[in-house]
Amino acid sequence: MITPDLNVLKRFIFGFGSFYIPPVIIICLAIIQYFTLIKHTSLSIGVWVLMFLYILVNIASGWPTGLMVNLVLTLMCIPMTFLIAILLAASRYQRELVVINIISSVLIECVRGVPLIGLMIFFLSIGSDMVPAYWKIPKMITLWLIYSFFAGVYLAEVFRGGFATITKTYFDGADALGLSQLQIYFYILIPKVVIDTMPAAFNVYIGLFKETSLVLLFGYFDLMNMAFNYLDFPENYDQSLNVYAMVLILFWIIATVIHEYGNHLFKIMGIYESKEK
């Protein structure tokens with residue numbers, strides 16, 4: 001029978017407690033961002049920036065352990081993932097700048113064709129030897145960039161599919177309004193693509209969250225590594241079922257929260273309006 005141990009559960013969520021307060025503040029900022037995203041977009045972006053800067057400042061004093069590693073790293077990656085995806089998708093969709101189109105296509109195909117773990121090992125070991133010593137950055141920042149770019153490539157393909165569904169009518173209307181090419185993308189195409197592809201985009205974010213468990217291979221005590229560490233003690237050998245069940249349930253809860261958040265945005269933006277009538 002699976003019987004949760006609250007002390008073990010607390011340890012799995014907050015780890016060793018050396019980085020306790022900052023993750024709680026980060027989660028609070030994420031909740032504020034959740035409630036301000038629709039009606040107060042500028043405030044929401046400001047909260048994202050504040051949260052990201054707070055994470056960067058606190059990296060110098062230590063890194064969280066337990067589930068907080070997975071959550072904080074995911075929150076760090078989501079804005080960068082979105083930005084990379086929009087840039088790559090728009091670059092690959094447009095046909096005027098051929099060189100940019102080719103570069104974005106090559107980047108997408110190269111990154112999509114290799115496993116994430118291989119990319120991480122390359123940049124954290126071989127890749128670090130290819131740059132001058134004074135260019136080296138903290139390991140977690142490197143992982144943040146790798147995760148963001150890897151997820152951004154997959155999200156870019158989702159957005160590119162959204163661009164492909166846009167009809168000529170939108171361009172005719174934009175031309176009639178006298179909008180420039182940049183204004184067409186910023187005010188018409190990108191908002192429509194983001195809304196239309198939101199369910200698929202949140203699938204990428206869920207995958208990003210689950211892939212953060214790979215940081216255990218690089219010495220970070222994330223949720224999975226905390227479980228392995230706990231079961232290393234002989235007196236805990238018989239608790240494997242409880243421990244792994246708690247790990248799976250915690251991952252499932254966070255993934256479900258991300259999914260429901262996506263559905264919430266999807267409904268508010270009027271995607272289900274026709275079904276509700």
*Any donor-acceptor pair under 3.5 Å linking the side chain of N225 with the backbone of Y220?*
yes
_Straight-line distance of W252 CH2 to I206 CD1, nearest 0.5 Å_ = 12.0 Å
*asked:* Give me each pair satisfying salt bridge (Lys or Arg N to Asp or Glu O under 4.0 Å) with a member in residues 109-122, each pair once, sequence neighbours excluded.
replied: R92-E109, E109-R112, R112-E157
*asked:* Tell me the closest heavy-atom pair linking A151 and V204, and the distance in Å.
replied: O-CG1, 3.7 Å
*4.5 Å side-chain heavy-atom contact, V194 and I86*: yes
_Cluster overlap F228 with F251, hydrophobic side-chain contacts below 4.5 Å_ = yes
*If you measure from OG1 on T167 to CG on D172, what distance do you get to the nearest 0.5 Å?*
8.5 Å
_Those residues that, when tested against F186, pass side-chain contact (heavy atoms from CB on, under 4.5 Å) (two or more places apart)_ = none
*Are side-chain heavy atoms of M246 and F12 found at a separation under 4.5 Å?*
yes
*Search all heavy atoms of L143 against all heavy atoms of M120 and return the closest pair with its distance.*
CD2-CE, 3.5 Å
_Sidechain-backbone polar pair: W144 side chain, L73 backbone, donor-acceptor under 3.5 Å_ = no
*F149 side chain reached by L119 side chain, heavy atoms, under 4.5 Å*: no
*Could you state the interatomic distance from CG (L216) to CE (M226), rounded to the nearest 0.5 Å?*
12.5 Å
*What heavy-atom pair brings F82 and L155 nearest, and what distance separates the two atoms?*
CA-CD2, 4.1 Å
_Path from V114 to L107 over hydrophobic side-chain contacts below 4.5 Å_ = yes
*Given side-chain contact (heavy atoms from CB on, under 4.5 Å), test D222 with L214 step by step and report yes or no.*
CA-CA 9 Å; D222 77 314; L214 288 177; over 6 Å; no
*Can Y170 be reached from L179 by stepping across I, L, V, M, F, W or Y side chains whose heavy atoms are under 4.5 Å apart?*
yes
*For A89 and A156, work out which heavy atoms get closest and say how close.*
CB-O, 3.4 Å
*If two hydrophobic side chains count as joined below 4.5 Å and joins carry through other members, does L87 share a cluster with L97?*
no
*Do S180 side-chain atoms and Q183 backbone N/O form a donor-acceptor pair below 3.5 Å?*
yes
*Show the numbers, then the answer: is there a side-chain contact (heavy atoms from CB on, under 4.5 Å) between S240 and L231?*
CA-CA 7 Å; S240 298; L231 292 174; 4.0 Å; yes
*Applying the 4.5 Å side-chain criterion to the ILVMFWY set and letting contacts propagate, would V215 and I117 be lumped into a single cluster?*
yes
*asked:* How close do A90 and Y185 get, counting heavy atoms only, and between which atoms?
replied: CB-CE2, 4.0 Å
*List in chain and number order the residues that pass ring pair (Phe, Tyr, Trp, His ring centres under 6.0 Å) with F221, two or more places apart in sequence or in another chain; answer none if no residue qualifies.*
F16
_Any pair counted as ring-ring contact (aromatic ring centres under 6.0 Å, His included), so long as it reaches residues 85-120, sequence neighbours left out_ = Y93-F163
_N70 side chain to L223 backbone, donor-acceptor under 3.5 Å_ = yes
*asked:* Applying ring-ring contact (aromatic ring centres under 6.0 Å, His included) to Y154 and F150, what does each step give before you reach the verdict?
replied: CA-CA 7 Å; Y154 282 91; F150 192 84; 5.3 Å; yes
*T81: what forms a side-chain hydrogen bond (donor to acceptor under 3.5 Å, both in side chains) with it, not counting sequence neighbours?*
none
*Is there a side-chain contact (heavy atoms from CB on, under 4.5 Å) between I146 and L116 once you walk through the steps?*
CA-CA 8 Å; I146 294 170; L116 175 58; 4.0 Å; yes
*Could you grab the distance from atom OG of S105 to atom CZ of R160, nearest 0.5 Å is fine?*
7.0 Å
*List the atom of V193, the atom of G162, and the distance in Å for their closest heavy-atom pair.*
CG2-C, 3.7 Å
*asked:* Rounded at 0.5 Å granularity, tell me how far CG in N263 sits from OG1 in T256.
replied: 11.0 Å
*Step by step, work out the side-chain contact (heavy atoms from CB on, under 4.5 Å) result for S148 and I84.*
CA-CA 8 Å; S148 299; I84 291 172; 4.3 Å; yes
_For a 4.5 angstrom cut-off between non-hydrogen side-chain atoms, does D196 reach K192?_
yes
*asked:* Which residues pass the ring pair (Phe, Tyr, Trp, His ring centres under 6.0 Å) test with Y147, not counting sequence neighbours?
replied: none
*Rounded to the nearest 0.5 Å, what separation is found between the OH atom of Y205 and the CG atom of N203?*
11.5 Å
